[in-house]
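Here is the structure we will look at, set down as structure tokens.
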Amino acid sequence: MDYLDGLNESQRQAVEHIDGPMMVIAGAGSGKTRVLTYRIAHLLRNGVDSFSILALTFTNKAAKEMKERINSIVGGNESMNITMGTFHSVFARILRYNADKLGYPSNFTIYDTQDSRSLIKSIVKEFGLDEKVYKSNAVQSRISSAKNNLISPNAYEANVEIVSEDRMSRKPEIFRIYKEYAKRCFQAGAMDFDDLLYQTNVLLRDFPDVLHFYQQKFKYALVDEYQDTNYSQYLIVKKLAAVYENICVVGDDAQSIYSFRGANIENILNFKKDYPDFKMFKLEQNYRSTSNIVNAANSIIKRNKDQIQKDVWTSNAEGGKINIIRCLTDNEEGRVITNKIFDIKQGEGADYKDFAILYRTNAQSRSFEESLRKLNLPYKIYGGLSFYQRKEIKDLIAYFRLSANPKDEEALKRVINYPKRGIGKTSMDSVILAARQYDVSLWDVISDFQRYPVSISSGARNKMAQFALKIQSYSAQMETSPAYDLANNVAQSSGILKDLYDDKSPEGVTRYENIQELLAGIKEFSVQQEEKDEIGTLSDFLIDVALLTDADKATEEDKNTITLMTIHASKGLEFPHVFIVGLEENLFPSQLSLTSRTELEEERRLFYVAVTRAEKTCTLSYVVSRYRWGQLVTAEPSRFIDEVDKKFVSHENETRGRSGGKSLSGYQRPSEERTQGFGMMGGGKRNLKTMKEATSAPAKSGGGTTDNLKVGFNVEHDRFGKGKVTALVGAGSDQKATVFFPRVGQKTLILKFAKLTIVE
DNA sequence: AACAACGGGCTTTTT
DNA sequence: GCCCGTTGTT
């Protein structure tokens, strides 16, 4: 068995375990994917039918790669019949197949986050609730977490605890919104992301024959990234595996970073309860990183309380220390990191694809983009606005969606007046009102005004009827025409293509190109389907499109570029040289995570994930002040920097030791040339003002006068006069105070610069 | 009904 | 600083 030879002892044991429940706890870089693929190959070699394997991965890309690797081990294309993909895509297919049982059309629409948010917004409006109180974001996450815990609208209403939580947050009507939301999704023939799991649970709960069928089909189940599954996913897997209990879950509790979307570490504990005789395998040897990186990462994660005991080690070389860089501003951070990349690349002849810049929030990408572009280095940003979330792409796809399912109200609202065809807000409001009165969909109204009369101008009525006719003609071809033909036809006859073509601005040109790219993608899809002797309709194309992400798209290109992405998006990836940027308090760890220990521990795991992406070098950076909300604000180095064991760290660009220094005397002013560079940043009026304050900073600052400043203290400023402290942010030399001065109003001051004296 | 101008909120992280 | 939605103007 040649393929077993390349595995270490614990890997091999995990791979060779065939029947019965098992859990693999896999440290970062320990060959987890390897174990998964080899185990599947091993199952196939030992006579398991590929049709009976269910493998749930975290991304579609991971599934695709795994299939390829299995084929290369087993030979042929045996992996073709394995059911492999993300929870969402696998169960979306199963739901389509069984949709009629739940009262949904098999071509139900999948609402993305934007769609559901917009639906929630309109419900809040229709209910006459205050949109400031019932913020769509907050309501959405409330509904989402209810669904992820399998709480139906009725159960929600009946749940004393939940309802009182809503009352306490002054949003007692959420249950009504949830009810209406669920109703409207159903009426529109639409499921949101959470529904794909929720409704699967309903299907398996209410239809024992369906449950039985899939239990018999999926005799072997594997779940990757088990630590990131939520309750809804957990229960699906548990039900499917209930008969044979050939279930293998793989994960690393130290890398659980998705609790904000309902992921639940308890699933690991539940596993032990559900399958008391399970076998546990630990993969602890790291093959990815230098020992400095492995040890540094260990020193970080050991600070967390909640974790499964394991000992990740490596026999790799020691490597360089983790480099920590301090910069003055986010723009300088961009330049410094870019130069570093350039130097390393020249120095050791690395490829661009060997580098990754990882950040906490998407908004941080800007300064790196700018400096990379200046130096003409190729880069690719993952995440952020994905290709499929761009306005023009969503517009065209909305036409497709509407043609496949005219009840899809979010799609209808999106395109009924795009491109402009003279159907304005007033007319649409009347139609919406009428639709609610008749309790039918918007489509029903605009496609049959005879039956559902609406008091709008005959002009508007005609235009809507024309629009409806157009959609109907598309619908007629939906199941018969090849995807590309229809897509192209829609793009042209809807007027989208012309509208974008006429826009000669740079953005307009890009949008036009994006549409062309989408059409090219559909063409490719059509061709692929024809090779399989299938027609490949637009309807088929739509099935997957809602669940595609940029990461899935990237595989084909495989370009040699520098990678920019959030740490979340980097999970499962590895790079020789990793730069983790923006290590500042309130950014990483995020301000919103500071309220509880568990949330802070999740941020720490995120940091752990980031560090363990690195193979050869890992560099951390932080800045003294950064643009946030369009304003330059001072920042403080992240606590995570201090949490890395000093043995594995070296500081660069440091003008001072940054240990514990509470006193202002430890702070050194930036050198002259730095101060200049600082002033040249940005250039807006606001910065100039901030800069003036900064450069006019007194060297003295009376070491200690404001050290024990507290909220409520009265202070005096030599320009603003007397005032009262209303808030304090940060600590040490970067502490800021918000002070209310009766003479000039409220000001936020950086204590090390402002000449404040405490008065009684 | 269409467009320009203005203002508010926002930043976690994603299927 | 940016995106979105609202307001005011034609």
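Reminder, nothing fancy here: chain letters follow the sequence lines and each chain counts from 1.
Between the CD atom of Glu599(A) and the P atom of dT13(B) there is a distance of 15 Å, rounded to whole Å. Following rounding to the nearest Å, Phe193(A) (CZ) and dT14(B) (P) show an atom-to-atom distance of 12 Å. Atom NE2 in His568(A) sits about 13 Å away from atom C1' in dT15(B), given to the nearest Å. Distance OH (Tyr388(A)) to P (dT14(B)): 17 Å, rounded to an integer number of Å. Going from atom NZ of Lys135(A) over to atom P of dG8(B) covers 14 Å, rounded to whole Å. Atom CG in Asn362(A) sits about 15 Å away from atom C1' in dG1(C), given to the nearest Å. Counting to the nearest Å, the C1' atom of dC10(B) and the CG atom of Leu587(A) are 14 Å from each other. Between the CD1 atom of Ile143(A) and the P atom of dT15(B) there is a distance of 21 Å, given to the nearest Å.
Seen from the ring of Tyr134(A), Lys132(A) does not count as a face-on cation partner, given the 6.0 Å and 45° thresholds. With a 6.0 Å cutoff to the six-membered ring centre and a 45° limit on the axis angle, Arg605(A) does not count as a cation-pi contact of Tyr608(A). Within the cation-pi definition used here (under 6.0 Å to the ring centroid, within 45° of the axis), Lys239(A) does not qualify as a partner of Tyr234(A). By the 6.0 Å and 45° rule, Arg142(A) does not stack over the aromatic ring of Tyr178(A).
Among the atoms of the strands shown, none is found under 4.0 Å from any heavy atom of Asp112(A). Across all strands shown, Phe87(A) has no heavy atoms under 4.0 Å from either base or sugar-phosphate atoms. When heavy atoms are screened at a 4.0 angstrom cut-off, Ser427(A) is found touching the sugar-phosphate backbone but no base atom. Residue Thr426(A) is classed as a sugar-phosphate contact, given heavy-atom separations below 4.0 Å to backbone atoms only. Nucleic acid contact class of Lys132(A) (heavy atoms, under 4.0 Å, all strands): sugar-phosphate only.
Here Thr113(A) does not reach the OP1 or OP2 of dT15(B): none of its side-chain N or O atoms lies under 4.0 Å away. For the OP1/OP2 pair of dT15(B) and a distance below 4.0 Å, the side-chain nitrogens and oxygens of Asn60(A) include no atom meeting the criterion.
The aromatic ring centres of Phe260(A) and His568(A) sit less than 6.0 Å apart.
Here Phe260(A) packs flat against the base of dT13(B); its ring centre is closer than 5.5 angstrom to the base's six-membered ring, tilted by less than 30 degrees.
Taking for each of Leu592(A) and Gly422(A) the nucleotide of DNA chain B with the nearest heavy atom, the 5'-most of the two is the partner of Gly422(A). In this structure, Asn137(A) and Lys463(A) both approach DNA chain B, and ranking their closest nucleotides by distance from the 5' end singles out Lys463(A).
Residues Ser621(A) and Glu333(A) bring a donor and an acceptor atom of their side chains to less than 3.5 Å of each other. Between Thr229(A) and Asn267(A), the side chains place a donor N or O and an acceptor N or O closer than 3.5 Å (distance only, hydrogens not considered).
With Asp115(A) as the fixed residue, the side chain to side chain donor-acceptor pair (under 3.5 Å) test singles out one of Arg401(A), Lys413(A), Arg414(A): Arg401(A).
The number of heavy-atom neighbours closer than 6.0 Å to CZ of Phe127(A), taken from other residues, nucleotides and ligands shown, is above 12.
When distances are taken from the side chain of Ala363(A) to each of dT14(B), dG9(B), dT11(B), the shortest belongs to dT11(B).
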The test is side chain to side chain donor-acceptor pair (under 3.5 Å); show your working for Gln140(A) and Ser136(A) and say whether it passes.
CA-CA 6 Å; Gln140(A) 186 180 34; Ser136(A) 56; over 6 Å; no
For nucleotides 3-6 of chain B, list the nitrogen or oxygen atoms of the protein found under 3.5 Å from its nitrogen or oxygen atoms, one pair per line.
unit_1	atom_1	unit_2	atom_2	d
dC3(B)	OP2	Lys420(A)	NZ	3.2

Short N/O separations, protein against nucleotides 3-8 of chain C, under 3.5 angstrom:
unit_1	atom_1	unit_2	atom_2	d
dT6(C)	OP1	Lys125(A)	NZ	3.4

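On the P atoms, dC4(C) is 15 Å away from dT13(B), given to the nearest whole Å.
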